[in-house]
J.: 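Quick one: structure below, then a few questions.
All values reported here derive from a predicted model rather than from experimental measurement. In listed order, ligands and their atoms are each counted from 1.
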Amino acid sequence: MVTDLNPWYRAAACSGTDPELFHPDSESPAAQQDAKELCAACPVRETCLDEALAEEAGLGLTSRFGIRGGMSRRQRVREDARRRGVTPAPKRRHASTKPKCTKFMPKLTPEQREEMRRLWTDEGFTQIALSRRFGVAPKTVRRTLGLEP
Ligand code: SF4
């Protein structure tokens, strides 16, 4: 769901609809169906999705809300990772357990390593912000920054 701060809002298919439609109580496909159908026919869906991903850059699942650009928050996390060329870590069976090995953790390209160092030194990103932005473990961030062997 967009707000009227967006200049392209007047063309949005959801303009004037109840915002609750885009924030269903459940994340089941059935609960999201009406909103996604509206998005599918929306002439500014791509713009809406691009803006959502830009606004949410570096945020985790719990900091994303609702359906935007035709995608649920889980789909946007995956789309964000895909656009950044990062393979998301596989789902864990128990959220509280750490993976036993880092074999399946995403690997950073040399360009991503360079970008991470730039954000650290020039823009003051914290280690946790870098971890979220690049979808890697904090240990990988520390190693990339040369803070840990
Ligand atoms: S894509 Fe969906 S949320 Fe975005 S403007 Fe269109 S109808 Fe609204």
J.: With a 4.5 Å limit on heavy-atom distance, are the side chains of Lys36 and Ser72 in contact?
T.: yes
J.: Run the numbers for me: atoms of ligand 1, each under 4.0 Å from some heavy atom of Gly69, listed by number.
T.: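 Reading through ligand 1 atom by atom, the close ones are 1 (S), 3 (S), 4 (Fe).
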J.: Under 3.5 Å, side chain of Ser131 to main-chain N/O of Val136, donor-acceptor pair present?
T.: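 Checked: pair present.
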J.: Near Ala12, which atoms of ligand 1 are under 4.0 Å from a heavy atom of that residue?
T.: 5 (S)
J.: Distance under 4.0 Å to a non-hydrogen atom of Cys39: what atoms of ligand 1 satisfy this?
T.: 1 (S), 2 (Fe), 3 (S), 7 (S)
J.: Any idea which atoms of ligand 1 are less than 4.0 Å away from a heavy-atom of Arg45?
T.: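 In order of number, 1 (S).
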J.: Are Glu79 and Arg76 within salt-bridge range, i.e. N to O under 4.0 Å?
T.: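 Judged by the 4.0 Å cut-off on N to carboxylate O distance, Glu79 and Arg76 do not form a salt bridge.
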J.: Applying a 4.0 Å heavy-atom criterion (strictly less than), which segment of Tyr9 is in contact with ligand 1: side chain, backbone, both, or neither?
T.: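 Neither part.
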J.: Evaluate whether atom CG of Asp122 has more than 12 neighbouring non-hydrogen atoms of other residues, nucleotides or ligands under 6.0 angstrom away.
T.: yes
J.: What are the atoms of ligand 1, with element, lying closer than 4.0 Å to any heavy atom of Cys42?
T.: 1 (S), 5 (S), 6 (Fe), 7 (S)
J.: Please check this pair: side chain of Arg68 against backbone of Leu49, looking for a donor-acceptor N/O pair closer than 3.5 Å.
T.: no
